[in-house]
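If you're wondering where the values come from, they're calculated on a predicted model, not measured in any experiment. Note: hydrogens, waters and symmetry copies are ignored here, and every other heavy atom, side chains too, is used.
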Amino acid sequence: MTPDLQRFRDELTAHLDWFAERGRKVRFWWRDDDAVEPTPALERMLDLANRHDVDIALAVIPKDATAALADRLRDEPHAHVLQHGWQHRNFQRKDLGEKAAELGSRRDPQELMAQLADGKARLEDLFGGKFIAAMVPPWNRIDAEISRRLPDIGLPGLSTFTWHNFPRPHQIQSHVDIIKWKKQVRFIGWESARLRFDLHLTRRRNTGGEPLGLLTHHLAHDTGCFDFLEEFLAIAAHHEGAEWPDVRDLFTGPSSSC
């Protein structure tokens with residue numbers, strides 16, 4: 001075991017001990033993006049969710065989602081489906097320095113909302129009761145006008161990365177992305193993971209019960225990402241200072257904001 005891994009284990013445990021000693025719990029949830037079909041990587045994620053008895057919210061791309069994925073998830077007790085845009089295509093101007101977004105400022109709102117409504121209907125048809133009416137914008141970016149219109153097409157839920165635009169009921173954020181995306185795509189490393197969880201767990205000692213969101217992308221995982229999930233869940237999924245609510249309850253409860 002490396003010193004960085006040992007320090008990660010020790011500090012995560014110490015944080016959760018702090019909550020348990022005070023009769024409190026950190027609420028965690030897990031979002032995984034870009035699912036469209038069964039793959040060996042997805043199998044590993046489902047196995048982790050089942051072994052550790054935690055829910056996994058799969059952000060599925062409606063245009064490319066397959067019946068095979070629906071069949072695979074049908075009897076999975078911990079798998080839920082969120083809507084990941086319509087086609088995960090960038091419409092912003094990279095030549096002007098704009099960051100990638102499908103639900104960004106360059107879309108015609110009426111055209112886009114029609115696409116998203118079609119995507120919602122497709123996911124409902126494929127996944128039935130496993131589908132949760134919540135939008136996960138590709139690249140975690142959404143224009144404020146599009147965000148405001150989502151409830152009008154039956155998508156009250158929203159999840160991006162930290163706070164984007166405005167917090168609202170049924171907005172459940174992700175906070176710790178375990179992948180380093182620039183240059184070589186890979187696990188962020190134990191020291192970076194320790195620092196990120198330390199920040200968010202320290203904040204939760206003094207704030208409300210906002211769920212701490214783990215963000216993964218199974219199709220981009222290297223060995224380090226899967227090793228992290230094994231180590232993290234071995235502690236966080238079983239500690240008395242932590243709880244993993246049903247994902248459906250997070251998005252459909254009276255209020256999901258902290």
Side-chain angles (χ1 to χ4, degrees), residues 27-88 116 119-138 140 154-161 170-179 211-221 225-238 242-253 256:
R27 295 195 299 163
F28 290 96
W29 82 291
W30 179 10
R31 196 188 96 202
D32 183 84
D33 290 1
D34 302 340
V36 294
E37 62 184 352
T39 64
L42 181 60
E43 290 297 325
R44 293 185 70 174
M45 305 292 269
L46 294 173
D47 175 66
L48 282 162
N50 289 328
R51 282 194 286 115
H52 294 285
D53 195 28
V54 298
D55 281 359
I56 179 170
L58 299 170
V60 175
I61 303 170
K63 184 179 180 181
D64 300 323
T66 63
L69 179 62
D71 290 342
R72 177 64 189 87
L73 298 182
R74 184 167 292 113
D75 298 321
E76 282 295 330
H78 289 297
H80 301 272
V81 171
L82 311 177
Q83 182 171 344
H84 203 26
W86 161 244
Q87 59 187 321
H88 210 301
L116 297 182
K120 175 178 180 284
R122 187 159 198 272
L123 294 181
E124 288 173 330
D125 182 59
L126 279 171
F127 299 100
K130 285 200 165 291
F131 175 65
I132 298 172
M135 175 60 64
V136 177
N140 288 299
L155 288 168
L158 177 65
S159 178
T160 60
F161 191 81
H170 318 307
Q171 183 170 351
I172 307 298
Q173 299 301 92
S174 55
H175 301 91
V176 178
D177 185 345
I178 69 170
I179 292 180
L212 201 169
L214 173 68
L215 177 58
T216 62
H217 292 74
H218 65 277
L219 294 174
H221 283 190
C225 290
F226 285 111
D227 290 345
F228 165 82
L229 290 170
E230 291 281 3
E231 295 285 350
F232 172 72
L233 291 171
I235 297 172
H238 305 279
E243 67 177 356
W244 293 72
D246 185 298
V247 169
R248 185 173 301 280
D249 291 341
L250 290 178
F251 281 100
T252 62
S256 302

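- Two residues are said to be in side-chain contact when any heavy atoms from C-beta on lie closer than 4.5 Å; C225 and T216 fail this criterion.
- Pairing each heavy atom of A133 with each of G154, the nearest pair is CB-O, 3.3 Å.
- Side-chain contact between P211 and L250: present, with at least one pair of heavy atoms (C-beta onward) separated by less than 4.5 Å.
- Using a 4.5 Å heavy-atom threshold, the side chains of L69 and L42 count as touching.
- F232 has its side chain out of reach of W30: every pair of non-hydrogen atoms, C-beta onward, lies at least 4.5 Å apart.
- Closest approach of A79 to L46, counting heavy atoms only: CB-CD2, 4.0 Å.
- For the pair E76 and N50, the tightest heavy-atom approach, listed with the atom from each and the gap, is OE1-ND2, 2.9 Å.
- Judged by distance alone, the side chain of Q83 and the main-chain N or O of P62 form no donor-acceptor pair under 3.5 Å.
- Between atom NE2 of residue H52 and atom CG of residue L48 there is a gap of 5.5 Å, rounded to the nearest 0.5 Å.
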Applying salt bridge (charged side-chain N to carboxylate O under 4.0 Å, His left out) to R122 and D125, what does each step give before you reach the verdict?
CA-CA 5 Å; R122 187 159 198 272; D125 182 59; over 6 Å; no

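- With sequence neighbours excluded, the residues satisfying side-chain contact (heavy atoms from CB on, under 4.5 Å) with A68 are P38, T66.
- Formation of a donor-acceptor pair under 3.5 Å by the D47 side chain with backbone atoms of E43 is not found in this model.
- Nearest approach of R27 to P245, heavy atoms of both residues: CD-CG, 3.8 Å.
- One finds the CZ atom of R31 at 10.5 Å from the CG atom of L214 (value rounded to the nearest 0.5 Å).
- Looking at heavy atoms from C-beta onward, D55 lies out of side-chain contact with W244 at the 4.5 angstrom threshold.
- No side-chain heavy atom of T252 sits less than 4.5 Å from a side-chain heavy atom of P156.
- Looking at E230 and R44, no side-chain N of the basic residue comes within less than 4.0 Å of a carboxylate O on the acidic one, giving no salt bridge.
- In this structure, D32 contributes its side chain and L58 its backbone to no donor-acceptor pair below 3.5 Å.
- Note: D249 CG to I132 CD1 = 9.0 Å, rounded to the nearest 0.5 Å.
- Two residues are said to be in side-chain contact when any heavy atoms from C-beta on lie closer than 4.5 Å; V81 and L73 meet this criterion.
- Taking the six-membered ring for Trp, W29 and F251 have ring centres closer than 6.0 Å.
- Qualifying side-chain contact (heavy atoms from CB on, under 4.5 Å) partners for Q87, counting only residues two or more places apart in sequence or in other chains: K63, R89, F91, E102, Q115.
- Here the straight-line distance linking atom CD of E37 with atom CG of L219 works out to 8.0 Å at 0.5 Å rounding.
- The ring pair (Phe, Tyr, Trp, His ring centres under 6.0 Å) contacts involving residues 64-87 comprise H84-H88, where partners must be two or more places apart or lie in separate chains.
- At a threshold of 4.5 Å between non-hydrogen side-chain atoms, the residues D33 and L215 count as touching.
- The backbone N or O of I172 sits less than 3.5 Å from a side-chain atom of S159, completing a donor-acceptor pair.
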I would like to know whether L229 and M45 meet side-chain contact (heavy atoms from CB on, under 4.5 Å); could you show each step before the answer?
CA-CA 9 Å; L229 290 170; M45 305 292 269; 3.8 Å; yes

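- If you take CG on D177 and NE2 on H217, they are separated by 6.0 Å, rounding to the nearest 0.5 Å.
- The shortest heavy-atom contact between A237 and V54 is CB-CG1, 3.8 Å.
- Residue L82 comes nearest to F131 through the heavy atom pair C-CE1, 4.2 Å, listed as atom of the first residue, atom of the second, then distance.
- For F226 and H221, the distance between ring centers is under 6.0 angstrom.
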